Amino acid sequence: MLKIHSTNRYIIFIFGITLMITGLGRLSGFFEYDSVIPNQSVALLYISMGVSVMFISYFVKPKKEKS
């Protein structure tokens, strides 16, 4: 159960980093013509979602089995 817990946490954390990097790339101008992020205000939304998901990944806990 502990291995699944750490794998889920890792996957959620990587997803948050991906969102944040995509938003930062658009905000800095690296992704100038990205169709997923049309303007810089949406890039700020991606950054905030990425930070939130990374924060939430620390609270993912395994389910306890009932005896």
Side-chain angles (χ1 to χ4, degrees):
M1 193 66 127
L2 186 60
K3 185 175 182 180
I4 294 172
H5 168 58
S6 62
T7 304
N8 289 342
R9 177 181 279 185
Y10 180 72
I11 291 170
I12 293 170
F13 188 77
I14 294 298
F15 178 66
I17 286 177
T18 304
L19 282 174
M20 190 177 73
I21 288 174
T22 305
L24 285 173
R26 175 58 179 103
L27 196 62
S28 68
F30 183 70
F31 296 134
E32 192 67 36
Y33 300 106
D34 191 12
S35 61
V36 176
I37 305 175
N39 55 26
Q40 292 182 344
S41 62
V42 177
L44 291 174
L45 181 65
Y46 269 60
I47 293 169
S48 63
M49 284 186 337
V51 170
S52 299
V53 169
M54 287 181 351
F55 181 72
I56 288 170
S57 73
Y58 287 111
F59 297 107
V60 174
K61 294 184 179 178
K63 295 179 181 178
K64 293 187 178 184
E65 297 179 14
K66 294 181 179 179
S67 303

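Just so it is clear, the structure is predicted and the values come from calculations on it, not from any experiment. The chain is numbered in sequence order, starting from 1.
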Would you please name every residue forming a side chain to side chain contact (heavy atoms under 4.5 Å, CB included) with Phe55, sequence neighbours left out? Phe59
Could you tell me the separation between the CZ atom of Phe13 and the CD1 atom of Ile56, rounded to the nearest 0.5 Å? 13.0 Å
Pairwise distance CG(Asn39) to CG(Leu27) - rounded to 0.5 angstrom: 10.5 Å
Checking Ser52 now: which residues fulfil side chain to side chain contact (heavy atoms under 4.5 Å, CB included) with it, not counting sequence neighbours? none
Nearest heavy atoms of Val53 and Ile12, plus distance in Å: CG1-O, 3.4 Å
When rounded to the nearest 0.5 Å, the distance separating CD1 of Ile21 from CG of Leu24 is 7.5 Å
Minimum heavy-atom distance between Gly23 and Ala43, given as atom pair plus value: O-CB, 3.5 Å
Sequence-distant partners of Leu45, side chain to side chain contact (heavy atoms under 4.5 Å, CB included), two or more places apart: Ser48, Met49
